[in-house]
Amino acid sequence: MKKHVVVGANGQLGHDLRARLEGQVTGLTRPEFDLTHPEMMRARLTELGPDVVLNCAANNFVDRAESEPDAAFAVNAFGVRHLAEICRDLNCALVHFSTNYVFGLDAQRRTPYVESDCPGPISAYGMSKLAGEYFVRATCPKHFVIRTAGLFGVWGSGGKGTNFVELMLRLAKEGKPIRVVADQVCTPTFTVDLALATIALIQTGRYGLYHLTNSGSCSWHEYAQTIFELAGVQARLTAVTSQEFGAPAARPSYSVMASKAYQTLGFPQFRPWRQALVDFLKERSLSQ
Ligand SMILES: NC(=O)c1ccc[n+]([C@@H]2O[C@H](COP(=O)([O-])OP(=O)(O)OC[C@H]3O[C@@H](n4cnc5c(N)ncnc54)[C@H](OP(=O)(O)O)[C@@H]3O)[C@@H](O)[C@H]2O)c1
């Protein structure tokens, strides 16, 4: 029976992975496994002796990372480097999650990125995540680095305390005017679909870099419109440009990714994001 350790176990992805992995599963949260405390990490993992560590923990505060890059790098780059060293020393596999925000520098790009495309982040967060990817790939031979995008999960976002769907539904309920950018395109992704694909991928033993998202794409404004349509909610929604919105961090205008490496292994493309969103909203209403 394989021993799995899920780091960042209370985040939205950590929760869904923990619930679906087979074998022995230990979920670790920040107080007992902090990515900025290497000795704590080494002691805990040595004691547990896992076959596979799945790292779902991250500093995901994209805007805050612009003014606090050290905090983002401490977790997303150097913390991940320590984790990769420990996994290498314990000869266990490391599954690490990264982001579509490692792209963006090519402002003209309008076709999905594949794994062999050169990344180019445009934010401190994206740079910290890219550094983390490189540390994993250079340090721990048995690795899966999985880039994903726009996660929504029923357990909300542990780190941020919300996700985009929850935020939109809360703002609509409060009757507030809602401004959402229409010039950033990516692929919203259901954490359940990502968790199931990750588990299938681990079983292949084909280590490497993978893009895993639902299929299709939309702007954040189209995504918000779809959330309100499917949830049957009235909202005061306006489309704005990124410049009008004025977020502290720049985000890619196009960061759609194709799951090419995953499909090359014989797996099917993920279902469309809209279909996944229907299931998410059903599951969400059952859990409330
Ligand atoms: N959310 C997205 O839209 C998105 C998009 C692309 C990629 N990703 C990547 O996908 C992965 C999972 O994202 P998610 O949305 O599931 O994350 P999440 O819900 O925000 O959860 C992140 C978890 O990381 C933990 N954490 C933060 N700092 C830590 C530290 N120093 N040590 C240990 N744990 C720490 C948080 O714990 P606390 O609750 O104690 O803070 C939280 O439980 C991440 O690698 C993320 O970068 C996410």
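Read the numbers this way: they start at 1 and go in the same order the structure lists the ligands and their atoms. Numbers here are sequence positions counted from 1.
Ligand 1 has no N or O atom lying under 3.5 Å from any N or O atom of Gly8, backbone or side chain. The shortest N/O to N/O separation between Val75 and ligand 1 does not fall below 3.5 Å. Annotation: Arg30 places an N or O atom under 3.5 Å from an N or O atom of ligand 1; distance criterion only. Considering both main-chain and side-chain atoms, Asn59 never comes within under 3.5 Å of ligand 1 through any nitrogen or oxygen pair. Considering backbone and side-chain N/O of Thr148, none are found under 3.5 Å from N/O of ligand 1.
With a 4.5 Å cut-off between side-chain heavy atoms of Ile, Leu, Val, Met, Phe, Trp and Tyr, the cluster of Leu130 takes in Val102, Phe103, Tyr113, Tyr134, Val185, Tyr254, Val256, Met257.
Residues passing the side chain to side chain donor-acceptor pair (under 3.5 Å) test with Asp106, sequence neighbours excluded: none.
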- Could you walk me through whether Arg170 and Glu166 pass the salt bridge (Lys or Arg N to Asp or Glu O under 4.0 Å) test, one step at a time? CA-CA 6 Å; Arg170 179 170 60 75; Glu166 299 299 341; over 6 Å; no
- Which is it for Phe280 and Phe152 under the ring pair (Phe, Tyr, Trp, His ring centres under 6.0 Å) test, yes or no, and what are the steps along the way? CA-CA 8 Å; Phe280 164 83; Phe152 54 93; 5.1 Å; yes
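Shortest non-hydrogen contact noted between Ala72 and Ala65 is CB-CB, 3.9 Å.
Distances shorter than 4.0 angstrom occur between a heavy atom of Tyr125 and an atom of ligand 1. Ligand 1 has Lys129 within reach: a non-hydrogen atom of the residue lies less than 4.0 Å from it.
Counting atoms of ligand 1 from 1 in the listed order, those under 4.0 Å from a heavy atom of Gln12 are 1 (N), 14 (P), 15 (O), 16 (O), 19 (O). Residue Phe97 approaches ligand 1 through these ligand atoms, each under 4.0 Å from one of its heavy atoms: 10 (O), 11 (C), 45 (O). Of all atoms in ligand 1, numbered sequentially from 1 with element shown, those under 4.0 Å from a heavy atom of Phe33 are 32 (N), 33 (C).
When Ser98, Gly150, Ala58, Pro188 are ranked by how near their heavy atoms come to atom 9 (C) of ligand 1, first place goes to Ser98. When the options Gly14, Ala149, Ala57, Cys56 are ranked by their closest heavy atom to atom 35 (C) of ligand 1, first place goes to Ala57. The residue from Thr189, Asn60, Asn10 that puts a heavy atom closest to atom 17 (O) of ligand 1 is Asn60.
Under the 3.5 Å distance criterion, with hydrogens and angles disregarded, a donor-acceptor pair is assigned to the side chains of Glu133 and Ser98.
In terms of hydrophobic clustering, with Ile, Leu, Val, Met, Phe, Trp and Tyr side chains grouped at heavy-atom distances under 4.5 Å, Val75 and Leu94 are assigned to a common cluster.
Within a 6.0 Å radius of CD in Glu174, more than 12 heavy atoms belonging to other residues, nucleotides or ligands are found.
The residues Arg179 and Glu244 are annotated as not salt-bridged, no charged nitrogen and carboxylate oxygen being separated by less than 4.0 angstrom.
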